[in-house]
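What follows is a single structure, written as structure tokens, with notes after it.
We count residues from 1, following the sequence as given.
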Amino acid sequence: MNPVDIPDAHPDARTPCLVLTTVADEADARRLARAVVEARLGACVQATPLHSTYVWDGAVCEAAEVQLAIKTVVGRYAALEAFIREQHAYDTPEIVRILIAAAEARYLHWLVESCAEPFT
């Protein structure tokens, strides 16, 4: 499955982005967050508990979930998406990429460098 890009948006590999996904609980959030950072697919992952209301199999459902906000770069998005799908417990996980229009220069440098290569 290929990501859907925003029309007329042609970011380069170093363009910062935020990737959102949700997981069922804090244990899944901690596990996935650590795995993403260890693989250098994201520089930082923040976890926020939330309540979701959604449609699944034709029914309205409600659930407590944890949203992960992953700070990464466009050049790592495809690998991150595949990694999340592989590691995720949901059949259809939320994986949303949001381009970051501006960022403080030192933070941006840290983010890009943190996503450069896996740890050895």
Side-chain angles (χ1 to χ4, degrees):
M1 186 173 264
N2 294 326
V4 177
D5 287 326
I6 299 168
D8 301 319
H10 301 288
D12 69 29
R14 294 172 57 93
T15 300
C17 62
L18 182 68
V19 175
L20 302 177
T21 191
T22 54
V23 295
D25 57 37
E26 185 69 28
D28 279 348
R30 287 179 183 267
R31 179 191 56 77
L32 185 56
R34 183 163 189 96
V36 164
V37 171
E38 285 178 346
R40 302 283 296 254
L41 295 171
C44 174
V45 181
Q46 294 171 314
T48 306
L50 53 81
H51 179 86
S52 296
T53 303
Y54 56 95
V55 175
W56 188 253
D57 288 335
V60 175
C61 302
E62 295 187 42
E65 293 184 296
V66 178
Q67 182 178 63
L68 298 179
I70 304 164
K71 283 64 160 240
T72 191
V73 292
V74 168
R76 299 297 269 164
Y77 176 77
L80 176 59
E81 180 186 285
F83 187 84
I84 292 170
R85 275 190 274 115
E86 179 182 293
Q87 299 288 320
H88 212 289
Y90 294 174
D91 291 336
T92 307
E94 170 192 17
I95 307 173
V96 176
R97 183 184 81 181
I98 303 167
L99 296 179
I100 297 173
E104 192 274 331
R106 290 172 297 179
Y107 178 81
L108 179 58
H109 177 76
W110 168 81
L111 191 156
V112 171
E113 291 301 312
S114 296
C115 295
E117 293 293 327
F119 293 116
T120 55

Flag side-chain contact, heavy atom, 4.5 Å: I70 against Y77: no
With E104, which residues qualify under salt bridge (charged side-chain N to carboxylate O under 4.0 Å, His left out), at least two apart? R106
Given V74, L41, L80, T72, the one that forms side chain to side chain contact (heavy atoms under 4.5 Å, CB included) with C115: T72
Hydrophobic clusters here meaning ILVMFWY residues chained together by side-chain heavy-atom distances under 4.5 Å, can you tell me if V37 and L68 are in one? yes
Other than W110, which residues form its hydrophobic cluster under the rule that side-chain heavy atoms must be closer than 4.5 Å? V73, Y107, L108, L111, V112
Give, for atom CG of D25 and atom CZ of R31, the distance between the pair rounded to the nearest 0.5 Å. 9.5 Å
Can you find a pair of side-chain heavy atoms, one from T15 and one from L99, that are under 4.5 Å apart? yes
Taking the side chain as every heavy atom from C-beta outward, state whether V19 and I84 have any atom pair closer than 4.5 Å. yes
Atom of I100, atom of A102 and distance for their closest heavy-atom approach: CG2-O, 3.1 Å
Is there a chain of hydrophobic side chains (I, L, V, M, F, W, Y, each step under 4.5 Å between heavy atoms) that links F83 to V66? yes
Do R97 and E81 have side chains that get closer than 4.5 Å, going by heavy atoms? no
List in chain and number order the residues that pass salt bridge (charged side-chain N to carboxylate O under 4.0 Å, His left out) with R30, two or more places apart in sequence or in another chain; answer none if no residue qualifies. E26
Show me the donor-acceptor pairs, under 3.5 Å and distance only, between side chains in residues 46-56 and residues at least two apart or in other chains.
| from | atom 1 | to | atom 2 | distance (Å) |
| --- | --- | --- | --- | --- |
| Q46 | OE1 | K71 | NZ | 2.6 |
| H51 | NE2 | E62 | OE1 | 2.8 |
| S52 | OG | E65 | OE1 | 2.4 |

Spacing of CZ belonging to R85 relative to OG1 belonging to T92, to within rounding of 0.5 Å: 11.0 Å
Of all the heavy-atom pairs spanning L32 and Q87, show the shortest one and how long it is. CD1-CB, 3.8 Å
Tightest non-hydrogen contact, residues E94 and T21, listed as O-OG1, 2.5 Å
Which residue pairs pass the ring-ring contact (aromatic ring centres under 6.0 Å, His included) test when at least one of the two sits in residues 84-105, sequence neighbours left out? H88-Y90
Whether the side chain of R76 engages the backbone of A13 through a donor-acceptor N/O pair (distance < 3.5 Å, no angle test) should be reported. no
